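None of the values given here were measured: they were computed from a predicted structure.
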Amino acid sequence: LFGWEEIVCSRCAARLFLPNQIIRQQTMWNDYALARGLHVLAVLMWIGGVGLVTTVLIPAIRREAPVGQAYARFQAIEHRFAAQARGWVLLAGVSGAWMLHTTAGWGRLANTSWLHAMLAVWGVFFMMLFVLEPLLMHRILAAKAQRDDAGTMRLLARMHWVLLTVSLVTTLLGVVGAHGGWRLGA
């Protein structure tokens, strides 16, 4: 197919592995760099928002909300973030696909575990934000909160901690993998 070349940044000595065909292309815009910048921005805002909700918002609401009103307060605030998260998740998906297309990297999906992890996390969030939350989760959690508000908030906290942990580990794997850190058998 094509070979890989290691490019070393003259300013910071960062190493980047790109297909030969990308290096040989002469274009005014570096589509790959633009896609990567948008991808990093999208992931930063999306996972950073999950981190804020998980580590600050949910604990504060559980601690401060009047008895029986924690879930309703959470919903009122989280609903605003969900709209932003949908945009960031879409941008992460589009920019990720753009990077794969620009580097002719679709074939790497077959044997690159960190790409699998990133796609799996993106897929979970896509399903949660666009399908499960609006169509199912809000109704189920609101009914549960009517019976057990504190228990519903504990469940939300656990779910968010799992999502945040998996997202952070996957982000680490993706960054290290994208910068050549998983060169097994080299």
Side-chain angles (χ1 to χ4, degrees), residues 34-101 106 109 112-179 181-182:
L34 180 59
R36 180 172 273 183
L38 290 172
H39 193 71
V40 169
L41 175 66
V43 171
L44 176 73
M45 294 300 291
W46 156 31
I47 304 302
V50 174
L52 179 73
V53 168
T54 304
T55 64
V56 177
L57 182 64
I58 292 175
I61 289 173
R62 288 177 70 189
R63 188 174 48 250
E64 313 262 332
V67 175
Q69 295 180 17
Y71 180 74
R73 188 168 289 176
F74 171 77
Q75 263 320 108
I77 297 169
E78 193 266 346
H79 179 72
R80 292 182 208 134
F81 171 68
Q84 293 177 34
R86 284 184 195 98
W88 296 121
V89 167
L90 283 177
L91 181 58
V94 168
S95 59
W98 185 4
M99 286 190 292
L100 285 172
H101 174 73
W106 296 105
L109 287 175
T112 308
S113 59
W114 57 269
L115 279 173
H116 293 159
M118 289 189 334
L119 282 170
V121 168
W122 183 84
V124 166
F125 276 93
F126 184 87
M127 288 300 294
M128 285 295 289
L129 290 167
F130 289 94
V131 179
L132 297 175
E133 276 187 7
L135 300 178
L136 193 62
M137 296 294 288
H138 288 303
R139 215 171 326 129
I140 291 171
L141 291 174
K144 180 174 172 37
Q146 292 291 330
R147 295 184 312 274
D148 181 13
D149 190 61
T152 302
M153 290 305 294
R154 278 193 304 278
L155 174 64
L156 275 174
R158 280 193 301 270
M159 288 175 16
H160 277 82
W161 273 108
V162 168
L163 288 171
L164 178 60
T165 301
V166 169
S167 298
L168 291 175
V169 168
T170 300
T171 300
L172 176 65
L173 293 174
V175 169
V176 171
H179 288 76
W182 308 118

Looking at side-chain heavy atoms only, is the closest gap between Val43 and Trp88 below 4.5 Å? no
Crowding at NE2, His79 (>12 non-hydrogen neighbours, <6.0 Å): no
Does Leu141 have any side chain to side chain contact (heavy atoms under 4.5 Å, CB included) partners at least two apart in sequence or in another chain, and if so, which? Tyr71, Met137, Thr152, Leu155, Leu156
Side-chain heavy atoms of Glu133 within contact of Arg139, under 4.5 Å: no
4.5 Å side-chain heavy-atom contact, Val121 and Leu163: no
Nearest heavy atoms of Trp46 and Phe81, plus distance in Å: O-CZ, 4.0 Å
Taking side-chain contact (heavy atoms from CB on, under 4.5 Å) as the criterion, tell me which of Leu168, Thr170, Val169 meets it with Val166. Thr170
Of all the heavy-atom pairs spanning Pro66 and Arg73, show the shortest one and how long it is. CD-NH2, 3.7 Å
Main-chain N/O of Val89 paired with Trp122 side-chain donor or acceptor, under 3.5 Å: yes
Can you tell me how far the CH2 atom of Trp114 sits from the CG atom of Leu119, to the nearest 0.5 Å? 10.0 Å
Between Leu100 and Leu115, is a side chain to side chain contact (heavy atoms under 4.5 Å, CB included) present by the stated rule, with each step listed? CA-CA 10 Å; Leu100 285 172; Leu115 279 173; 4.2 Å; yes
Between His160 and Thr54, does any side-chain donor sit less than 3.5 Å from a side-chain acceptor? no
Using the side chain to side chain contact (heavy atoms under 4.5 Å, CB included) criterion, which residues pair with Leu52? Sequence neighbours excluded. Val56
Would you say the side chain of Leu164 lies within less than 4.5 Å of the side chain of Thr55, judging by non-hydrogen atoms? yes
For Arg36 against Met99, the heavy-atom pair lying closest together: CA-SD, 3.5 Å
Closest heavy-atom pair, Ala157 versus Ile58, reported as atoms and distance to 0.1 Å, is CB-CG2, 3.8 Å
Tightest non-hydrogen contact, residues Asp149 and Gly68, listed as OD2-C, 3.4 Å
Only counting residues at least two apart or in another chain, list the ones meeting ring pair (Phe, Tyr, Trp, His ring centres under 6.0 Å) with Phe130. Phe126
Measure the NE2-CG distance between His138 and Leu132 for me, rounded to the nearest 0.5 Å. 10.5 Å
Give, for atom CG of Leu129 and atom CE of Met127, the distance between the pair rounded to the nearest 0.5 Å. 11.0 Å
The reported gap from CD in Glu64 to CD1 in Ile61 (rounded to nearest 0.5 angstrom) is 10.0 Å
Side-chain donor/acceptor of His39 to backbone N/O of Ser95, under 3.5 Å: no
Looking at every non-hydrogen atom in both residues, tell me the closest pair between Ala65 and Ala70 and how far apart they are. CB-CA, 3.7 Å
